[in-house]
Amino acid sequence: MKKILLIISSFFISVAALADQPKEWQLGFQNAASQSMREIVNFHDNLLLPIIIAISVFVLFLMIYVSIRFRASRNPIPSKTTHNVTVEILWTLIPCLILIVLAVPSFKILYKQDTIPKADVTVKAIGYQWYWGYEYPDENIIFDSYMIETKDLKENQPRLLSVDNEVVVPVNKVVKVLITANDVLHAWALPSFGVKRDAVPGRINETWFKAEKVGTYYGQCSELCGIKHAFMPITVRVVSEADYTEWLTGAKIKFAKEIIEEDQFKKLASK
Ligand SMILES: [Cu+2]
């Protein structure tokens, strides 16, 4: 009964709070905030899930049928049949067909995600043990993003998901994310955007998203990277174009990259 009450109450809570983070008693995916996530959800909900359920129900039915129909008491002399050509052809062909039916739309979505449109904003995410560092290579901005401890949380900040410095991006713009790591494997993942890429030391992976709704979106490191793997969340705040420009102005001062290239050349020349 308690569980049912919790589920019912979670509906009301989710209406008030931003719906782009994990919810208690959540079933299925987080709400999609990009075209590619919508396609993933659509593929999962309307094709994958029905096929999986149908297969599970069919196998369950077969097992129950066999256990009852061929039980020892009803079937004292067991059949000696070992081969049946028709059945063998069928149980090879049908799974093949199912896989093809699944593979075609799946690859379509995968390749679409892989083609990165012309980027409006580029963000570089660097995985560290155990926090994320971000750079805006075109804006001379660099900052680290640490999880906020439970005791320091403010109102409306979800536990284990909020960070001190959020990534800020404009709404309805193509954001290209360059992903790498400094020490071990990490993975930059944001469920609402349908984005997940490994962060590999010495290599840059790229992905992209176009957020369609203003709001705050939460993700987590998704590659086991050590003892504090669970404590390096990802927070992306999607804002309007005007708010983004305003944020940029402040961030360029607050998070300015220290070394200006010109000075570096001077230093090298004087050596
Ligand atoms: Cu990790």
Side-chain angles (χ1 to χ4, degrees), residues 17-34 36-37 39-41 44 106 109-110 113-114 116 119 121-137 141-154 156-169 175-211 215-238 251 255 257:
L18 271 174
D20 308 303
Q21 65 198 57
K23 293 186 279 270
E24 282 190 37
W25 302 101
Q26 177 184 335
L27 279 177
F29 294 107
Q30 292 179 37
N31 289 347
S34 75
S36 63
M37 187 55 189
E39 284 167 2
I40 293 172
V41 173
H44 174 270
S106 164
I109 296 172
L110 215 56
Q113 290 177 345
D114 218 33
I116 302 180
V121 177
T122 307
V123 181
K124 185 176 171 191
I126 307 141
Y128 297 94
Q129 278 177 319
W130 287 275
Y131 61 96
W132 289 96
Y134 294 101
E135 269 181 57
Y136 286 62
I141 289 173
I142 186 165
F143 59 86
D144 291 334
S145 182
Y146 283 89
M147 188 191 80
I148 300 175
E149 297 290 329
T150 308
K151 61 177 166 40
D152 302 324
L153 285 175
K154 292 194 197 93
N156 289 332
Q157 282 187 323
R159 195 178 74 94
L160 301 181
L161 290 173
S162 306
V163 295
D164 54 357
N165 295 317
E166 299 157 339
V167 177
V168 178
V169 294
V175 179
K176 181 157 95 173
V177 193
L178 306 172
I179 300 159
T180 186
N182 192 50
D183 32 45
V184 298
L185 291 178
H186 301 271
W188 202 84
L190 239 145
S192 295
F193 301 156
V195 161
K196 180 182 279 179
R197 275 284 184 286
D198 269 7
V200 184
R203 179 197 154 117
I204 290 185
N205 279 340
E206 37 178 39
T207 185
W208 68 283
F209 63 83
K210 189 162 129 185
T216 309
Y217 300 86
Y218 299 95
Q220 287 172 304
C221 175
S222 297
E223 180 70 67
L224 195 52
C225 59
I227 193 164
K228 285 176 80 182
H229 164 63
F231 309 111
M232 47 181 296
I234 297 153
T235 308
V236 174
R237 188 150 52 90
V238 177
F255 302 127
K257 237 179 165 178

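For ligands, and for the atoms within them, numbers begin at 1 and follow the listed sequence.
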**Asked** Is it true that a side-chain atom of Thr235 and a backbone atom of Leu161 form a donor plus acceptor pair closer than 3.5 Å?
**Response**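 Yes; at least one donor-acceptor contact below 3.5 Å.
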**Prompt:** Between the main-chain N or O of Arg203 and the side-chain N or O of Thr180, is there a donor-acceptor pair closer than 3.5 Å?
**Reply:**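 Yes, Thr180 side chain to Arg203 backbone: donor-acceptor pair under 3.5 Å.
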**Item:** the Cu ion (ligand 1): protein N, O or S atoms that are less than 2.8 Å away, sorted by chain
**Value:**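 You should have found Cys221 SG, Glu223 O, Cys225 SG, His229 ND1.
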**Request:** Mind checking salt bridge (charged side-chain N to carboxylate O under 4.0 Å, His left out) for Lys176 and listing every partner two or more places apart, or none if nothing turns up?
**Result:**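 Per chain and number, Lys176 pairs via salt bridge (charged side-chain N to carboxylate O under 4.0 Å, His left out) with Glu206.
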**Asked** At their closest point, which heavy atom of Ala125 faces which heavy atom of Tyr134, and how far apart are they?
**Response**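 Nearest heavy atoms, Ala125 then Tyr134: CB-CE2, 3.6 Å.
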**Prompt:** Crowded around Gln157 CD? As in, over 12 foreign heavy atoms under 6.0 Å?
**Reply:**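 Yes, CD of Gln157 has more than 12 neighbouring heavy atoms, counting only those of other groups under 6.0 Å.
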**Request:** Taking the side chain as every heavy atom from C-beta outward, state whether Tyr146 and Tyr128 have any pair of such atoms under 4.5 Å apart.
**Result:**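 No - every pair of side-chain heavy atoms lies 4.5 Å or more apart.
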